2 protein chains.
Amino acid sequence: MSLATDAADQPTLYKRIRADIEKRILTGEWPPGHRIPFEHELVARYGCSRMTVNKALSELAQAGLIERRRRAGSFVRRPQHQSAVLKIADIRAEITALGRTYGYELIHRKLRTATTADRDRLGVKKAGKVVAITCRHSADNVPFAVEDRLIDLSSVPNAATADFSREPPGSWLLHHVPWTEAEHTISAIVADERTAETLDIAVGAPCLVIDRYTWRSARTITAVRLLYPGDSHRLVARFKGG
Amino acid sequence: MSLATDAADQPTLYKRIRADIEKRILTGEWPPGHRIPFEHELVARYGCSRMTVNKALSELAQAGLIERRRRAGSFVRRPQHQSAVLKIADIRAEITALGRTYGYELIHRKLRTATTADRDRLGVKKAGKVVAITCRHSADNVPFAVEDRLIDLSSVPNAATADFSREPPGSWLLHHVPWTEAEHTISAIVADERTAETLDIAVGAPCLVIDRYTWRSARTITAVRLLYPGDSHRLVARFKGG
DNA sequence: TTGACTTATATGTCTAGACATATAATCGTA
DNA sequence: TACGATTATATGTCTAGACATATAAGTCAA
């Protein structure tokens with residue numbers, strides 16, 4: 001292990017230690033299961049304190065590249081192909097990022113007491129008030145996605161008076177509701193008549209479906225279903241080990 | 001900020017500090033843009049050293065919950081709905097995890113010099129050797145997914161002699177190729193005649209498509225297309241802020 | 001008002017120790 | 001041989017300092 005290699009562009013020591021180890025794992029020099037040097041060995045090798053080495057190894061462990069076991073040492077983990085970061089961009093941002101003109105249109109909005117189906121969809125028990133919204137996003141005046149959303153007013157009372165004819169509910173929620181958790185389910189369907197008409201595609205054409213449930217501290221906020229024409233839209237998920 | 005709350009189940013101090021701050025962000029008490037206390041203030045509040053506070057804040061920054069700016073302080077970031085962790089499980093693991101019987105069948109295997117289409121798909125320039133594989137995964141003897149794969153033999157020479165009639169290429173690669181990076185593209189199509197027959201679904205039925213490109217240190221390893229019946233398969237991506 | 005210079009300060013990294021704790025390895029006993 | 005107790009050790013957390021560095025804010029001159 002060369003101590004001084006590219007020290008110029010790796011200013012801090014712990015980052016260099018981390019990069020050195022990462023490189024050995026990526027090239028396969030240290031295969032899955034391989035025990036990487038003990039902290040005290042790296043301390044001797046780099047001539048630094050244990051805290052510095054520990055910081056490097058802790059970050060590698062957090063990134064999932066290595067596994068640390070007390071008394072035993074640190075080991076290279078097997079690659080986990082199955083975990084990937086999926087970027088589901090805000091639709092407006094996604095379209096403008098492509099250099100196209102974003103268009104939005106509210107199709108339907110209704111304030112009602114939650115039906116059984118609504119409660120099911122939101123995963124709540126009490127029959128509070130909800131807002132149901134259907135709207136359409138377009139890029140350069142071509143339909144891009146149709147959105148079908150339910151907002152729980154007991155969690156987000158302000159949504160009752162928000163003007164969703166001007167601003168998409170997704171953007172509004174992003175700006176008015178604090179940090180959230182979300183779960184996305186992705187599937188494929190074929191367009192029924194109503195969907196086909198709204199998206200201006202053929203009946204029976206494939207559609208990518210994203211169902212997103214959002215909540216905050218165990219409180220449901222919103223449930224949304226997004227339908228994209230399947231042949232024109234793609235979701236990209238990128239995985240990087242470390 | 002109560003110092004002693006649930007200290008019993010939060011054994012270490014830095015984790016408690018992290019959890020305390022995370023809670024305030026999640027509940028909206030500290031909205032996006034809010035400046036969280038300076039390190040020296042938290043040091044005074046918790047009666048610990050700065051390194052302990054620093055570790056808690058560094059992890060929150062790494063998780064994307066806060067942003068740290070020199071001289072200015074640390075600030076709550078806006079929620080980023082668009083980022084989610086997608087778990088694309090190894091198919092065998094996915095099926096056995098559901099308590100169903102995994103089945104595998106090699107449909108086609110061919111070793112050839114890369115065609116123009118192959119080179120395009122793998123993103124390589126030179127016309128080396130490749131292995132093309134078509135196979136089928138099933139759960140309880142019902143077709144689950146059809147896989148169409150290309151392996152670059154200049155990156156993975158061993159794949160030329162591997163027995164893919166017994167072991168799925170995905171599993172084989174997982175065990176024989178070191179750490180990798182991958183990019184997934186998800187889209188929807190309708191089943192053509194050949195796909196419909198292989199998956200035992202109707203022609204025109206919706207299918208979820210996952211295209212995965214895998215490489216290691218800028219070397220392409222494999223390109224694979226997985227087709228799932230769209231109505232029976234769902235991908236779940238979960239986002240958790242922090 | 002604007003631009004250049006200076007200063008104060010919060011974070012970034014690091015040290016040389018310390019004790020805690022989980023557990024692999026060893027030893028002793030039934 | 002099998003099992004229970006002991007010990008050694010690598011990691012986990014923490015301290016009370018230190019200097020480095022980016023930059024917000026203030027100062028001063030053109």
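Computed over heavy atoms, backbone and side chain alike; hydrogens, waters and symmetry mates excluded. If you're wondering where the values come from, they're calculated on a predicted model, not measured in any experiment.
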Checklist outcome for this item: Separation of D:dA22 atom P from B:E39 atom CD, nearest Å, is 17 Å
Checklist entry - In terms of side-chain heavy atoms, does B:T180 have a donor or acceptor partner in B:R216 at a distance below 3.5 Å? => result no
Checklist entry - Atom CG of A:L13 and atom P of D:dC19: how far apart are they, to the nearest Å? => result 19 Å
Checklist entry - With sequence neighbours left out, what residues match B:V142 under side chain to side chain contact (heavy atoms under 4.5 Å, CB included)? => result none
Checklist entry - Between D:dA10 atom C1' and A:L57 atom CG, what is the distance in whole Å? => result 11 Å
Between protein and nucleotides 16-18 of chain C, what N or O pairs are separated by less than 3.5 Å?
{"residue": "C:dA18", "atom": "N6", "partner": "A:R50", "partner atom": "NH2", "Å": "3.3"}

Checklist entry - B:K55 side chain N/O closer than 4.0 Å to the phosphate oxygens (OP1, OP2) of D:dC14? => result no
Next on the checklist: Please list all pairs meeting salt bridge (Lys or Arg N to Asp or Glu O under 4.0 Å) that have one or both residues in residues 163-180 of chain B, counting only residues at least two apart or in different chains.
Outcome noted: none
Next on the checklist: Using the side chain to side chain contact (heavy atoms under 4.5 Å, CB included) criterion, which residues pair with B:S138? Sequence neighbours excluded.
Outcome noted: none
Checklist entry - Which sits closer to the 5' end of DNA chain D, B:T52 or A:S58, going by the nucleotide each is nearest to? => result A:S58
Item to check | Under the salt bridge (Lys or Arg N to Asp or Glu O under 4.0 Å) test, residues paired with B:R149 that sit two or more places apart | outcome: B:E147
Item to check | A:R78: partners by side chain to side chain contact (heavy atoms under 4.5 Å, CB included), with sequence neighbours left out | outcome: A:P32, B:H175
Checklist outcome for this item: Looking only at D:dT15, C:dT11, D:dT11, the nucleotide nearest the B:F38 side chain is C:dT11
Checklist entry - Between B:H40 (NE2) and D:dT15 (P), how many Å, whole number? => result 17 Å
Item to check | Under 4.0 angstrom between A:S74 side-chain N/O and D:dT11 OP1 or OP2 | outcome: yes
Are any protein N/O atoms closer than 3.5 Å to N/O atoms in nucleotides 24-27 of chain C? If there are, list each pair with its distance.
{"residue": "C:dA24", "atom": "N3", "partner": "A:R71", "partner atom": "NH1", "Å": "2.8"}

Checklist entry - For A:R69, which residues count as a salt bridge (Lys or Arg N to Asp or Glu O under 4.0 Å) partner, sequence neighbours excluded? => result A:E67
Next on the checklist: Using whole Å, what does the distance between atom P of nucleotide D:dA10 and atom CZ of A:R35 come to?
Outcome noted: 8 Å
Checklist entry - Atom CZ of B:R18 and atom C1' of D:dG12: how far apart are they, to the nearest Å? => result 14 Å
Checklist entry - Who pairs with A:Y102 by side chain to side chain contact (heavy atoms under 4.5 Å, CB included), at least two apart in sequence or on another chain? => result A:I91, A:R92, A:I95, A:T96, A:Y104, A:H137, A:P168
Checklist entry - How close or far is atom P of C:dT13 from atom CD of A:E59, stated in whole angstroms? => result 8 Å
Item to check | Point-to-point distance, once rounded to the nearest 0.5 Å, from CZ of B:R77 to CD1 of B:I25 | outcome: 11.0 Å
Next on the checklist: What is the separation between atom OH on B:Y14 and atom P on D:dG12, rounded to the nearest whole Å?
Outcome noted: 9 Å
Next on the checklist: So, OP1 or OP2 of D:dT13: does either fall under 4.0 Å of a side-chain N or O from B:K15?
Outcome noted: yes
